[in-house]
Amino acid sequence: MIAADALPTGFFLDYAWLIPLVPAIGFALIIGFGKKLPYRGSEIGIASMAISTVLAVGAVVQWMQRVNTADSGSGSAGGDGGALESVNGFARSVFPSATAGENGEPYVEPVIRTWTWWQNGGLEFGLGQHIDGLAVLMLSLVAFISLLVQIFSLDYVRGDRRYTHFFAALTLFSAGMLVMVLAENMVQIILGWEIMGLCSFMLIGHWWEDTANSKAALKAFFTVRVGDIGLLVGTAIIFFGANQWAIDNLDSHGFSVQAISAWALSGDAGTQVLLWGSVALFIACIGKSGQFPLHTWLPDAMAGPTPVSSLLHSSTMVVAGVFLVARLYPVFWEGLAFGPGGLNLIAIIGAITLVIAALLAFVQDDIKKVLAYSTVSQLGMMMLALGTGAWLPAVFHVFTHAFFKCCLFLCAGSVSHSGSHHSFDMKKDMGGLVKKMPWTAGAWIVATLALTGVFPFAGFFSKDEIIVNVGENGYTTLMWIAYLGAFLTAAYMTRATYLTFFGEPRGAAAGEHHDDVDAHTEEPHDEALVAAGHHLDAQGEPEPGVGHVAAARADDGHDGHGHDDHAHGPHESGKLILVPVVILAFLATVSGFTNAVPFGEDFEILKRYVEPRAAVVDLEDARLAIAGGPGEALQLIAPSAAAVDACGFAAPPDGAVCFFPAVNHAPFKWSKGFLALGIVGAGLLSAWLFCVAFYGRRDRRLVGLTDRFAPARWGYLFLWNKYYLDHLYERVIVRGVAYPIANAAYWVNQHVIDRMVDDSGRGTRQVGEFMYRNIDQRVVDGAVNASGTVASETGHVLQPVQSGKVNQYGALLFGAAAVAGIVLVLINV
Amino acid sequence: MLAANFLLLSAVIFCIGVFGVIARRNAVLVLMSIELILAAVMLNLVAFSAVLGTIDGQVFTLFVIGVAAAEVGVGLAMVLMVYRNRRSIALDELSEMKG
Amino acid sequence: MTVTVAAVLAADGINIAKNVGFGIIAFGMVFAALCVVSTRNIVHAALWLVVVLGGVAAQYILAGAEFVAVSQVLVYIGAVMVLFLFGIMLTRAKIGSDEGMFNDGWALGIPVAALLFGLLGWVIIDYAGDDVIANQTPTPTVMLSDAYLGPFLIPFLALTFVLLAAAIGAIVIARKD
């Protein structure tokens with residue numbers, strides 16, 4: 001079978017590897033020269049992200065051209081039966097009997113280029129690019145969001161003492177995500193993954209002088225590390241499973257993403273290998289993407305500056321886990337058996353995360369923590385979608401979620417920057433800000449509506465698609481859980497919106513200024529806030545001017561924030577903050593139309609350009625395409641005629657491979673759409689009424705309910721303590737590891753056994769004492785003492801040998817060697 | 001020539017070196033005796049290289065020469081330090097490690 | 001043992017001259033080595049050591065290892081001996097003879113050495129009693145360099161680090177501070 005001529009590629013596709021390289025170089029430049037530059041390095045960061053964005057957008061355009069060409073070529077093949085045709089100047093001969101993959105769509109070969117990074121023992125580790133629809137989508141998303149966040153940071157962290165380092169870390173962080181997104185092989189994925197882990201540590205702990213911040217940074221780092229072990233183990237398992245197959249069939253190796261995908265779907269892969277490999281890889285995703293039960297680091301990561309939270313939670317770090325599952329979807333598809341349906345690990349974890357994180361968001365007073373739990377919940381939704389075979393809706397949700405979650409975080413940052421005097425406490429320092437900060441409030445509300453999934457906004461399309469697909473693929477229970485999640489999302493976001501922007505202004509939002517030393521820190525933790533609050537109460541209403549002077553004085557020790565703009569209480573933020581926020585709010589509104597299923601095929605842009613085609617590809621073609629080095633010819637791969645069953649449901653025939661399973665796409669149903677809208681509406685409305693009653697009117701029936709009604713109190717405490725997971729980790733697991741097992745045994749001995757003895761009757765106690773006196777003291781101690789004595793006596797006997805004289809040691813050494821040699825010789829003779 | 005010539009010669013020198021290590025009291029002299037042992041070993045290596053007709057023995061001899069140079073440097077530095085601290089390099093006086 | 005050596009010498013008729021040269025050098029080496037471990041003058045011991053090491057270099061040439069022989073002369077007689085003499089000087093051992101050069105238990109060395117020699121001699125005669133070194137043409141140095149820059153490259157690099165570490169270690173240890 002002869003492959004067809006080249007699909008159109010182009011500069012931006014061939015040189016997509018520049019996209020992460022530019023910020024990486026930018027990082028080096030910022031570290032090296034940033035402090036000497038007029039804007040202290042921020043201009044390099046923004047410039048590099050802008051270049052990356054331009055390159056990524058170019059790649060998107062060229063990828064779309066490539067897909068278009070492939071599609072038109074395929075259409076002609078169907079119509080003309082293999083006639084030569086020229087479209088856009090690219091002549092192609094398509095395999096005559098080319099028939100459908102799944103939907104009559106040809107396989108669009110990703111643009112793969114590799115360079116050898118290092119070799120070891122016959123293994124080659126490459127760096128390269130694997131550019132397909134998913135990659136270009138994520139590349140443009142990450143680069144664009146990073147650019148906006150950096151612009152936002154210009155104003156937000158102005159005057160910070162580690163301003164240059166902040167931009168350096170931010171740039172490297174984006175570079176790490178970009179490296180991972182276009183990774184051609186697993187080693188490169190690990191590389192990007194770990195760069196992100198390191199940078200998140202640096203950024204979360206940016207204000208490390210505060211113990212809480214450095215603790216949060218450590219917690220994030222270590223929790224993710226727990227998952228990273230899964231990544232290493234999973235990569236190793238997959239490598240050992242796939243390597244030989246990849247060499248034999250594709251002239252590739254067991255790290256190549258493309259080869260792994262083909263191997264997983266080939267039917268030659270061992271079930272156990274796939275199962276454990278995918279489980280190990282998913283553990284990595286649990287850690288990185290904050291899935292239950294390793295989600296606890298994410299809310300604590302709010303200790304970092306707001307732009308960091310925004311970047312972390314929208315398009316980078318936490319999405320990395322979702323991306324990994326999406327990228328290696330065939331492995332998970334086969335390993336966890338998505339094809340036949342039925343519950344699997346990813347779907348279950350995703351569903352659990354979706355609900356528990358949404359519940360936790362209700363008891364948070366910190367606006368950023370609400371958003372953090374919201375992120376965790378939405379990530380759970382994405383995982384749920386991936387785990388139920390809804391690949392495209394999950395990726396679509398990643399795409400839309402990035403815009404509105406980034407927007408929400410930036411709004412929160414804007415509020416704290418200009419409205420609440422660097423506090424994030426909704427109950428103490430916010431409220432009524434809609435009048436003072438109309439732009440921020442408007443953007444927030446738009447993003448909230450998008451997140452909750454109200455009709456024309458982005459979240460409606462992506463979330464509804466997930467829910468519909470989950471239901472369509474046979475997971476009715478999980479579908480209702482997703483509806484529940486949507487309801488909860490609407491409710492907690494309404495609460496946050498009400499507390500922040502409506503009702504009576506409180507604390508800093510009312511123009512009060514903390515004159516406590518701690519209060520000026522950007523991210524005050526709870527204790528400082530409480531202290532500050534009490535302080536204020538004691539003083540009543542301090543004069544703004546006095547408070548300002550005190551705050552400015554205290555600021556000298558911190559980061560020298562210019563406080564001229566804080567003199568008059570809450571106000572709207574500056575343009576540098578508002579512009580990214582407004583852009584994101586706009587995108588949160590319209591990005592849903594990129595895959596608006598309700599409006600028909602023409603609106604399903606992501607489906608056409610992003611989802612890999614589930615086509616059975618002839619092995620020869622696949623081999624040509626994978627093995628190519630830099631600048632190889634790019635092939636239009638004709639789908640093999642031999643396709644009997646769709647990929648992912650049956651092994652491809654001999655001599656052919658699949659690269660992506662034929663995922664199901666649910667048709668849109670208005671009934672389900674309206675149901676979702678109704679549920680969201682109910683959530684919004686009920687939460688609004690509750691908020692007005694509870695926070696606004698202080699309704700007596702609701703206030704203090706947790707004190708009067710025990711189950712409510714228990715539930716509240718359970719949530720307030722985050723399901724006690726942190727207690728479990730810190731008090732049980734960490735200590736169990738940190739202290740030697742002997743200590744644990746000692747503790748059990750002392751407490752458990754002693755208590756048992758105490759609780760038993762007097763006779764038992766006497767027996768215990770008898771045991772203690774006779775057995776313990778005499779037998780056990782006697783044995784211990786006796787062994788000690790024996791050891792001591794032996795030591796005394798042997799003591800003269802240890803003369804401390806080197807010569808004697810030498811004599812003994814050589815003499816013993818000689819004797820041993822003689823013995824050996826005698827034995828062997 | 002017989003290989004045993006070289007091997008026996010190296011065995012003799014090796015044993016003389018061993019005697020020196022055991023008998024000598026002065027640390028510098030012990031180091032010299034160790035040099036004798038190393039020389040014997042190297043001679044052995046070269047002899048085997050000649051017997052087997054391969055280059056590897058000579059390669060290793062050069063490695064041993066390099067390592068021995070390092071050993072002498074560090075060893076003499078230690079002897080100097082001991083001398084500076086205790087005004088003596090008699091090994092039987094350095095017996096604080098005795099049990 | 002003398003009988004054995006004589007028999008060995010007699011049994012090999014290929015190159016009498018080499019054998020005679022070997023015997024003379026070997027005798028000198030053994031004598032010098034005995035002096036190294038028995039003289040009461042520490043400087044003399046060092047000088048006798050020069051003789052032994054020079055003899056070893058000569059034996060290398062007999063065995064066809066010229067480059068190794070030259071390295072031996074350079075490193076040992078050139079550098080290591082200077083180090084030893086400096087060590088002797090800096091530790092202010094008497095230049096003349098000195099009582100107390102031996103341990104109390106020095107006699108222990110004799111049986112140990114004899115035992116070792118018995119073992120080694122036996123093994124050598126048993127293992128290589130009649131192996132003949134057929135060809136003693138000098139090894140081309142290019143072969144050695146090929147080996148170093150080829151299969152032994154990593155150990156070679158490692159050795160450079162050993163030497164670097166030794167140099168730094170020696171400075172750190174011997175520095176006065």
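A, B, ... follow the sequence lines: proteins, then strands. Residue 1 opens every chain.
By number of non-hydrogen pairs under 4.5 angstrom with chain B, the leading residue of Phe67(C), Phe156(C), Trp106(C), Phe86(C) is Trp106(C). When the candidates Val67(B), Leu36(B), Val21(B) are compared by the number of heavy-atom contacts under 4.5 Å with chain C, Leu36(B) comes out ahead. Taking chain B as the reference chain and counting heavy-atom pairs below 4.5 Å, the highest number among Ile110(C), Val123(C), Val56(C) is found for Ile110(C). Between chain C and the options Leu31(B), Leu52(B), Val59(B), the largest number of non-hydrogen pairs under 4.5 Å is found for Val59(B). Of the listed residues (Val80(C), Leu116(C), Ile124(C)), the one with the most heavy-atom contacts under 4.5 Å to chain B is Ile124(C). In terms of heavy-atom pairs under 4.5 angstrom with chain C, the leader among Met78(B), Met81(B), Glu71(B), Met32(B) is Met32(B). For the options Val51(B), Leu9(B), Val18(B), Val74(B), heavy-atom pairs under 4.5 Å to chain C are most numerous at Leu9(B). In terms of heavy-atom pairs under 4.5 angstrom with chain C, the leader among Ile16(B), Val12(B), Ile22(B), Asp56(B) is Ile16(B). By number of non-hydrogen pairs under 4.5 angstrom with chain B, the leading residue of Asp146(C), Thr139(C), Ile171(C) is Thr139(C).
Proximity to chain B (any heavy atom under 4.5 Å) is shown, for Pro155(C), by both the backbone and the side chain. Heavy atoms of Leu34(C) lying under 4.5 Å from chain B belong to its backbone as well as its side chain. Interface remark: Ala46(C) contributes backbone and side-chain atoms alike to the contact with chain B (heavy atom separation under 4.5 Å). Interface residue Ile13(B): only side-chain heavy atoms are found under 4.5 Å from chain C. Residue contact with chain B, scored on non-hydrogen atoms closer than 4.5 Å, involves the backbone and the side chain of Leu144(C) alike. Ala147(C) touches chain B through its side chain: at least one heavy atom from C-beta onward sits under 4.5 Å away, while N, CA, C and O do not. Proximity to chain B (any heavy atom under 4.5 Å) is shown, for Val36(C), by both the backbone and the side chain. For a residue to count as touching a neighbouring chain, one of its non-hydrogen atoms must lie under 4.5 Å from one of that chain's; by this rule Ser145(C) does not touch chain B. Contact annotation for Val30(C): both backbone and side-chain heavy atoms come within less than 4.5 Å of a heavy atom of chain B. Both the backbone and the side chain of Phe152(C) come within contact range of chain B, with heavy atoms under 4.5 Å apart. Contact of Thr160(C) with chain B is not made at all, since no heavy-atom distance falls under 4.5 Å.
Counting heavy atoms from C-beta outward, Leu90(C) and Tyr83(B) have side chains that stay 4.5 Å or more apart. Considering only heavy atoms from C-beta on, Met143(C) stays 4.5 Å or farther from Tyr148(C) through its side chain. Counting heavy atoms from C-beta on, the side chains of Ile24(C) and Val20(C) come closer than 4.5 Å. You'll find the side chain of Phe6(B) reaches within 4.5 Å of the side chain of Leu62(C), heavy atoms only. Residues Val41(B) and Ser10(B) have side chains not in contact (no heavy-atom distance under 4.5 Å, counting atoms from C-beta outward). The shortest distance between side-chain heavy atoms of Leu53(C) and Gln72(C) falls below 4.5 Å. Residues Leu45(B) and Val68(C) are not in side-chain contact: their nearest non-hydrogen atoms beyond the backbone lie 4.5 Å or more apart. At a threshold of 4.5 Å between non-hydrogen side-chain atoms, the residues Val46(B) and Met42(B) do not count as touching.
Between Phe102(C) and Phe19(B), the ring-plane angle classifies as tilted under the 30° and 60° cut-offs.
In the model, Gln58(B) has no side-chain atom that pairs as donor or acceptor with a side-chain atom of Tyr60(C) under 3.5 Å.
A distance-only check finds no donor-acceptor pair linking the side chain of Arg24(B) to the backbone of Ser33(B) [under 3.5 Å].
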- Would you check, one step at a time, whether the test side chain to side chain contact (heavy atoms under 4.5 Å, CB included) holds for Gln59(C) with Ile25(C)? CA-CA 8 Å; Gln59(C) 300 289 16; Ile25(C) 298 168; 3.7 Å; yes

